[in-house]
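These notes concern the structure reproduced below.
Small disclaimer: the values here were computed from a predicted structure and weren't measured.
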Amino acid sequence: MRRVTLSIVLLILSIGAEGQSSSNLIQNDSGIIEVDGSKLKFVVKGMGLPCLVIGSSIYYPRTFSSDLYAHLKMYYVDMKWFAKDYEPENLDHVDINSIVDDVEQIRLALGLEKPLILGHSIHGTIATEYVKKYSDKVSGLIVISSPCEWGNEIYDSKSKALWETASVERKKLQEENWGKLKEIDRLTGQKEASARYNNMSPQYWYDPRYDATWLWDDMTVHSEVTQHLFNNAFKNYNMFNPVVNIPIPVFLALGKYDYVIPYTLWKKKYESIPNFNYVLFEKSGHTPQLEESELFDKALVNWLKSKF
């Protein structure tokens with residue numbers, strides 16, 4: 001029997017100016033969910049439709065505009081690889097199915113009934129896999145810059161082809177950054193993750209010189225788990241093979257300048273997703289919710305209003 005406990009520390013922050021109605025106040029909760037001995041922190045921000053945001057309780061609140069909190073009550077939750085108090089486990093037993101079941105344990109512990117589920121990057125892929133198994137437990141799926149193919153020839157060819165279209169300046173900057181890899185190889189954990197991310201800024205961001213160090217501040221990263229995730233759990237991954245019907249509304253956001261997860265991996269329409277909304281952000285890389293926050297918020301809120 002998997003051990004799951006929940007403890008909540010409730011903090012209410014009054015941010016309203018004098019005369020502001022209570023409906024405009026934003027409530028913030030925080031606490032710990034324990035799954036298999038790992039303590040997963042969560043924070044809750046906003047009001048409105050409940051939305052489970054899987055990945056990190058530190059990194060992801062930094063990427064979303066607070067304007068969304070008037071429409072969504074966002075439950076940001078650590079996955080095990082970002083948990084400060086991680087209980088080591090046999091990684092040979094960690095696969096897509098076990099990770100999906102971790103998400104279900106999180107939903108149950110939070111007492112969420114039919115929330116939206118949101119994931120960015122690999123977490124959006126995990127959220128999609130969760131919906132394949134537990135579509136009756138959520139009301140909608142939000143996927144941002146996530147691979148529908150990974151660790152296979154299709155991914156390799158698409159990413160290579162898109163990178164070939166990059167500007168000379170962008171390619172030159174990336175080549176210069178490759179020369180710093182020996183220094184990064186000496187690092188571990190959060191410092192390594194942050195350094196590698198910045199080393200690939202030309203491929204991650206519309207602004208090829210963007211410094212994302214601040215996003216990684218205070219993060220915990222268990223490199224052995226993330227390496228297993230990308231190199232083993234999702235090796236030879238194809239989201240739509242075999243075809244599985246996704247019966248809930250899906251919002252997909254992609255960045256045109258994301259060379260790590262090329263938008264060309266995705267189709268604009270899938271027969272297995274009858275209610276599919278595809279948005280390509282023209283001046284974004286891997287994180288359109290931050291890079292084009294106003295446009296992202298508008299697109300997402302319009303989708304929420306039309307579907308829920």
Side-chain angles (χ1 to χ4, degrees), residues 53-55 59-60 63-65 117-129 131-132 140-171 173-174 196-197 199-210 212 215 229-230 234 236-241 243-244 246 249-303:
V53 185
I54 59 172
Y59 187 101
Y60 283 116
T63 70
F64 289 97
S65 162
I117 185 169
L118 182 156
H120 168 259
S121 195
I122 195 64
H123 303 105
T125 306
I126 292 168
T128 305
E129 289 299 319
V131 168
K132 288 182 181 182
L141 170 63
I142 302 168
V143 179
I144 307 171
S145 303
S146 303
C148 58
E149 304 263 1
W150 184 261
N152 58 24
E153 291 183 2
I154 293 175
Y155 171 82
D156 290 343
S157 63
K158 294 286 187 180
S159 58
K160 180 180 179 181
L162 188 62
W163 183 241
E164 288 176 352
T165 69
S167 69
V168 173
E169 178 187 2
R170 189 179 291 269
K171 290 177 180 176
L173 183 57
Q174 185 63 80
R196 290 194 186 282
Y197 206 82
N199 187 268
M200 291 183 63
S201 287
Q203 297 187 58
Y204 272 119
W205 301 95
Y206 176 72
D207 174 2
R209 297 182 183 275
Y210 187 80
L215 289 170
L229 186 69
F230 288 105
F234 281 92
N236 295 320
Y237 175 77
N238 184 328
M239 185 179 286
F240 299 104
N241 185 19
V243 175
V244 177
I246 298 179
V250 177
F251 178 90
L252 171 68
L254 300 169
K256 190 172 183 178
Y257 286 81
D258 184 355
Y259 298 97
V260 177
I261 306 299
Y263 70 92
T264 52
L265 285 173
W266 289 84
K267 300 177 184 178
K268 291 188 176 181
K269 189 175 182 180
Y270 288 94
E271 293 181 1
S272 60
I273 312 177
N275 202 336
F276 184 64
N277 194 72
Y278 173 109
V279 183
L280 179 64
F281 291 89
E282 299 285 339
K283 293 184 178 180
S284 287
H286 193 56
T287 315
Q289 73 271 28
L290 176 61
E291 296 176 88
E292 293 183 87
S293 59
E294 290 186 12
L295 289 176
F296 178 89
D297 290 356
K298 182 178 180 180
L300 181 58
V301 170
N302 286 342
W303 177 75

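The OG atom of S121 sits 10.5 Å away from the CD1 atom of I144 when rounded to the nearest 0.5 Å. The CD atom of E271 sits 8.0 Å away from the NZ atom of K269 when rounded to the nearest 0.5 Å. Put simply, CG on N277 and CD1 on I142 are 10.5 Å apart, with the number rounded to the nearest 0.5 Å. In this structure, CG in L254 is found 10.5 Å from NZ in K268, a value given to the nearest 0.5 Å. In this structure, CG in L300 is found 12.5 Å from CG in L295, a value given to the nearest 0.5 Å. Taking OH of Y155 as the reference point, atom CG of N238 lies at 14.5 Å (rounded to 0.5 Å).
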Open item on the list: Between T128 and I246, does the side chain to side chain contact (heavy atoms under 4.5 Å, CB included) criterion hold? Intermediate values first, please.
Closed with: CA-CA 9 Å; T128 305; I246 298 179; 4.0 Å; yes
Open item on the list: Between I126 and F234, does the side chain to side chain contact (heavy atoms under 4.5 Å, CB included) criterion hold? Intermediate values first, please.
Closed with: CA-CA 10 Å; I126 292 168; F234 281 92; 3.8 Å; yes
Open item on the list: The test is side chain to side chain contact (heavy atoms under 4.5 Å, CB included); show your working for Y257 and R170 and say whether it passes.
Closed with: CA-CA 11 Å; Y257 286 81; R170 189 179 291 269; 3.7 Å; yes
Task: Stepwise side chain to side chain contact (heavy atoms under 4.5 Å, CB included) check, L290 with W205 - done: CA-CA 10 Å; L290 176 61; W205 301 95; 4.0 Å; yes
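In this structure, H286 and Q203 have side chains that are not in contact, with every pair of non-hydrogen atoms separated by 4.5 Å or more. Side-chain contact check for N199 versus Q174: some heavy-atom pair is nearer than 4.5 Å. Side-chain contact check for K256 versus Y263: some heavy-atom pair is nearer than 4.5 Å. Taking 4.5 Å as the limit, some side-chain heavy atom of K171 sits within range of a side-chain heavy atom of W163. In this structure, the side chains of K267 and F276 stay at 4.5 Å or more apart for every pair of heavy atoms. A 4.5 Å side-chain heavy-atom check between T125 and W150 finds every atom pair outside the cut-off. Side-chain contact check for Y210 versus Y206: every heavy-atom pair is 4.5 Å or farther apart. Side-chain contact check for F240 versus W266: some heavy-atom pair is nearer than 4.5 Å.
Closest non-hydrogen pair, P208 versus L173, comes out as O-CD2, 3.4 Å. For V143 against G124, the heavy-atom pair with the smallest separation is CG2-O, 4.0 Å. Minimum interatomic distance between F296 and P288 (heavy atoms only, all atoms of both residues): CB-O, 3.8 Å. In terms of heavy-atom proximity, Y270 sits nearest to C148 at OH-SG, 4.3 Å. Among all heavy-atom pairs drawn from M239 and P147, the shortest one is CE-O, 3.6 Å. Closest approach of V260 and Y204 over heavy atoms only: CG2-CE2, 3.6 Å.
Between Y59 and Y197, the angle of the ring planes goes over 60°, which puts this pair in the perpendicular group of the 30/60° scheme. Using cut-offs of 30° and 60° for the angle between ring planes, the H123 and Y60 rings count as perpendicular.
Of the possible polar contacts, none joining the E149 side chain to the L265 backbone as a donor-acceptor pair under 3.5 Å is found. Looking at E292, its side chain does come within 3.5 Å of a backbone N or O of S284 through a donor-acceptor pair. Looking only at distances, no side-chain donor or acceptor of R209 sits under 3.5 Å from a matching main-chain atom of S201. Judged by distance alone, with hydrogens and angles left aside, the side-chain atoms of N236 form no donor-acceptor pair with the main-chain N or O of N152 at under 3.5 Å.
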